[in-house]
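Order of appearance sets the numbers: ligands from 1, and atoms from 1 within every ligand. Residue numbers run from 1 in the order of the sequence given.
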Amino acid sequence: MADVPSTPQQPLSDGIVPEDIVARTENRWLVVMVAMLGVMMAIIVVTGIAGALHPSSNVEIVDPLSLHLQGEFVESNLGTALEPDGTATVRIIAGQYDFIPNCIQVPTHTPVKFRLTSPDVVHGFLLPSTNVNTMVVPGFVSEVRTSFPAAGEYQMPCNEFCGLGHHAMWAHVTAVPKERFANLTPLERTSCAAR
Ligand code: CUA
């Protein structure tokens with residue numbers, strides 16, 4: 001037993017990969033990983049630009065405690081308004097646990113600007129199959145712009161956990177043909193019945 005060497009002095013047995021090959025393999029993996037990262041970054045940037053997906057870039061503050069008393073978000077000013085330049089502005093309050101108003105009609109083939117704010121906690125505003133997806137933060141006005149190329153109905157879920165009623169915080173946006181929208185009364189523009 002005396003001629004058995006201690007473990008560190010044993011020569012490498014057959015099958016252990018030489019150091020230069022290990023280094024070469026690791027370098028190849030490094031290149032593959034960096035390339036994958038590059039591709040994923042490119043996908044994010046390209047889809048972001050092509051689909052106009054971006055967080056709202058405006059920083060606009062509003063007093064969440066007096067929304068219902070004064071300013072842009074008083075009840076009579078909520079819903080869809082046609083601007084003199086032909087575009088539409090939709091004003092919505094997202095609160096626990098509903099959107100006010102929770103049914104919205106918008107015209108097709110028209111630039112639509114959504115302006116939202118919250119009186120209580122953070123909510124999320126999402127229109128599936130569109131570029132609209134924003135957080136609604138109390139104290140700030142979230143603004144997102146889009147347009148609806150075809151008539152149709154969009155579910156409008158709150159996609160930011162906001163409390164026990166979060167799962168039930170849903171509403172509707174209905175895109176109605178531009179000509180028909182012009183004939184809707186202000187009440188009909190926020191009515192669920194007119195769908
Ligand atoms: Cu509002 Cu979740």
Side-chain angles (χ1 to χ4, degrees), residues 43-44 47-83 87-108 110-176 181 184 186-195:
I43 288 173
I44 291 172
T47 53
I49 293 171
L53 304 170
H54 52 78
S56 48
S57 53
N58 64 322
V59 177
E60 197 179 332
I61 57 171
V62 66
D63 177 12
L65 296 178
S66 62
L67 291 178
H68 58 304
L69 299 176
Q70 61 190 10
E72 183 183 347
F73 290 93
V74 293
E75 191 175 355
S76 59
N77 208 31
L78 298 178
T80 309
L82 280 180
E83 304 293 350
T87 65
T89 304
V90 185
R91 294 182 180 87
I92 301 171
I93 290 179
Q96 288 169 318
Y97 297 102
D98 211 350
F99 293 95
I100 310 168
N102 69 3
C103 283
I104 300 276
Q105 318 262 335
V106 291
T108 57
T110 304
V112 177
K113 184 166 74 183
F114 287 92
R115 288 173 60 76
L116 299 104
T117 191
S118 163
D120 40 46
V121 299
V122 176
H123 299 275
F125 177 68
L126 169 78
L127 293 180
S129 316
T130 72
N131 64 333
V132 177
N133 184 356
T134 185
M135 286 169 82
V136 185
V137 183
F140 293 88
V141 177
S142 303
E143 187 175 299
V144 270
R145 291 161 191 241
T146 190
S147 66
F148 298 87
E153 205 177 301
Y154 298 81
Q155 297 283 336
M156 189 164 82
C158 174
N159 66 337
E160 199 75 48
F161 182 75
C162 53
L164 289 178
H166 161 73
H167 65 282
M169 193 170 161
W170 284 77
H172 293 89
V173 166
T174 308
V176 299
F181 182 86
L184 294 178
L187 195 62
E188 285 172 328
R189 288 175 189 173
T190 56
S191 166
C192 296
R195 279 188 272 137

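Ring pair Phe125/Phe114 is tilted by interplanar angle, where 30° to 60° counts as tilted.
Listing protein N, O or S atoms at distances below 2.8 Å from atom 1 (Cu) of ligand 1, with waters left out, gives His123 ND1, Cys158 SG, Cys162 SG, Met169 SD.
Within the structure, side-chain hydrogen bond (donor to acceptor under 3.5 Å, both in side chains) pairs that include any residue of residues 88-100 comprise Glu72-Arg91, Glu83-Thr89, Asp98-Asn102 (at least two apart or interchain). Pairs passing the salt bridge (Lys or Arg N to Asp or Glu O under 4.0 Å) check and including a residue from residues 59-69, sequence neighbours excluded, read Glu60-Arg115.
Among residues two or more places apart in sequence or in another chain, the side-chain contact (heavy atoms from CB on, under 4.5 Å) test is passed with Phe181 by Thr80, Leu82, Gln105, Pro107, Val176, Leu184, Arg189.
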- Task: Report the C-alpha distance between Val132 and Tyr154 in whole Å, list the side-chain angles of each, state the deciding distance to 0.1 Å, and finish with yes or no for side-chain contact (heavy atoms from CB on, under 4.5 Å).
- Result: CA-CA 11 Å; Val132 177; Tyr154 298 81; over 6 Å; no

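Remark: Ile104 CD1 to Ile92 CD1 distance equals 4.0 Å, nearest 0.5 Å.
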